[in-house]
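Residue numbers start from 1 in every chain, and the chains themselves are labelled A, B, ... in the order their sequence lines are given, proteins ahead of strands.
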There are 2 protein chains.
Amino acid sequence: MINIAAHSFHDATAIKLPQPAMAIAPMMAAKGLHSSAIRKVACNETLWCEGDERSHIFVVRTGAVCLSRTLPNGRRIVLDFAYPGDIIGLGADTQPCDAHTVQLTRLEAIPVAAFKRAVAEDPEFGRQASIQVANALSAAYQHVVVISKLSANERLASFLMALSRRNEAHGLSPMSILLPMKRLDIADFLGLTIETVSRTFTRFREAGLIAMDQHNVVVFRDLAKLRALAAGEGEHD
Amino acid sequence: MINIAAHSFHDATAIKLPQPAMAIAPMMAAKGLHSSAIRKVACNETLWCEGDERSHIFVVRTGAVCLSRTLPNGRRIVLDFAYPGDIIGLGADTQPCDAHTVQLTRLEAIPVAAFKRAVAEDPEFGRQASIQVANALSAAYQHVVVISKLSANERLASFLMALSRRNEAHGLSPMSILLPMKRLDIADFLGLTIETVSRTFTRFREAGLIAMDQHNVVVFRDLAKLRALAAGEGEHD
DNA sequence: GCGGTCGTGTGACAGTGTGTAACAGCCTTC
DNA sequence: GAAGGCTGTTACACACTGTCACACGACCGC
């Protein structure tokens, strides 16, 4: 359930935070762990459920994965999204959340046994994995901040800016992003309803902050203002 | 910033989750790490700030510590509380949050260097520390759930029941708890305002769910209903 | 005693976001 | 091309929580 990309979800405190320690990815490649089978998974398929014994570590190749929890009465919370390049399933032996695809997704599946062998052989490898978990924790803290103290406008801006920064980190343009998930997933991630998300998109369009030709493509028109919103500097105070 | 006790903040999903792996505490004792100096810290003192290099791992002996983040505009979010027996400061080398005391607190301070030596000597020790971080992540996920999907009533119930369970786990009565922190800390932890927290306490009293002679002592009168509330089973749906 | 601060509790009111609903656009299916 | 399902958008009344204001008690120094 550890999601390296989660670490990019830092707007309010982006400057202070350590860089995502991606060192583990090349280490995994060097160990031949990437030779594992590649799975092609349809949209809306469950990878694991909360409480499951962890069986594999997954590396997302294409598509997107959604990490969530569900309350007894059916209310769902999205804890994180995993995008291509992200590693999910690090951490404890018992899954702390559900994981399901939100698109047609290709994954590399690394059996936990193989992963643990690699850790046992090379302590540095285990150390890198721990750093990823610590980064995920820091990202979860940031998620708490976003949900508990930001307005709907600020939350959506924070979400969009995280994706923009992710694009930038991957050598793509930060001026536009592609939303692989549905409005409901965004709403459940930001602790809002689907209607509020929809309304906020509309407000951003009307205010000239963004432009949208399609439902899943966002072009940024005023990155500075969006970043200020995302950092919680706008509106109140 | 890792807080073992945080793990007890699981009401909605308590059954599914692994037991707090306290194995690391006796291991630390066995390694003589506990021989470190004990610090007596006044109320409202800062132990570290977000972004600081980690210098010590702390074991709380008495009192209570509050882990928080602050937004650029001054809005504060409490991420967790650490109580006697809890270990804080595990995880990454850069602190992901602030830490300050909310009471007169006695702490054992273990220098990071000594801790790292112990990890290098004994991989199992490092593994136990990683498990603590993973547990803290699971607790942070639960915090996201509480804040994003529960009502004010449910949030406060969730908080009170976590403390009740903690008492139970420590061999004390689950029927009453002591609140070491102020209303403002509780409010910032639950993503509410101090007024809402105050009103919710009053509502609980009037509904016969709790009794309070003093501001910081809560006696539970209807644990079953409170637990249902905490699990998000009450009210809506 | 007095006046000050701090923490807490309570009331009136406003505002944000929600719930419910209807509707539009796009896709698949027949 | 029509029917139906899914996703997204918009409108409006309502509820919950936040904001602002003030009262109360405990504690402290004068």
Rounded to whole Å, please give me the gap between [atom1] in [X] and [atom2] in [N].
| X | N | atom1 | atom2 | result |
| --- | --- | --- | --- | --- |
| B/L192 | C/dT16 | CG | C1' | 15 Å |
| A/L156 | C/dT16 | CG | C1' | 16 Å |
| B/R155 | D/dT17 | CZ | P | 7 Å |
| B/M212 | C/dG7 | CE | C1' | 13 Å |
| A/E195 | C/dT18 | CD | C1' | 8 Å |
| B/N216 | C/dT8 | CG | C1' | 12 Å |
| B/F201 | C/dG9 | CZ | P | 8 Å |
| A/R203 | C/dG15 | CZ | C1' | 12 Å |

Legend entry - Phosphate contact (C/dT10 OP1 or OP2) by B/T202 side-chain N/O below 4.0 Å: yes
Legend entry - N/O (side chain, A/T193) to phosphate O (OP1/OP2, C/dT18) under 4.0 Å: yes
Legend entry - Residue pair A/T196 / A/T193, side-chain donor-acceptor N/O under 3.5 Å: yes
Inset, instruction - State whether a side-chain donor-acceptor pair under 3.5 Å links B/R69 with A/S138. - result: yes
Polar pairs (N or O, both sides) under 3.5 Å between protein and nucleotides 4-8 of chain D?
residue: D/dG8; atom: OP2; partner: A/R183; partner atom: N; Å: 3.2

Legend entry - Selection from C/dT10, D/dT17, D/dT10 that lies nearest to any side-chain heavy atom of B/A152: D/dT17
Inset, instruction - Classify the ring geometry between A/W48 and A/F58 as parallel (under 30°), tilted (30 to 60°) or perpendicular (over 60°). - result: parallel
Inset, instruction - Apply the test salt bridge (charged side-chain N to carboxylate O under 4.0 Å, His left out) to residues A/K182 and A/D188: give CA-CA distance (whole Å), side-chain angles for both, the deciding distance (0.1 Å), then the verdict. - result: CA-CA 10 Å; A/K182 304 189 196 316; A/D188 283 347; over 6 Å; no
Legend entry - Heavy-atom closest contact (A/R221 atom, A/G208 atom, distance): CB-O, 3.1 Å
Inset, instruction - Specify the closest pair of heavy atoms between B/I194 and B/L184, including all atoms of both residues, with the distance to one decimal. - result: CD1-N, 4.1 Å
Legend entry - pair A/R39-A/H56: side-chain heavy atoms closer than 4.5 Å: yes
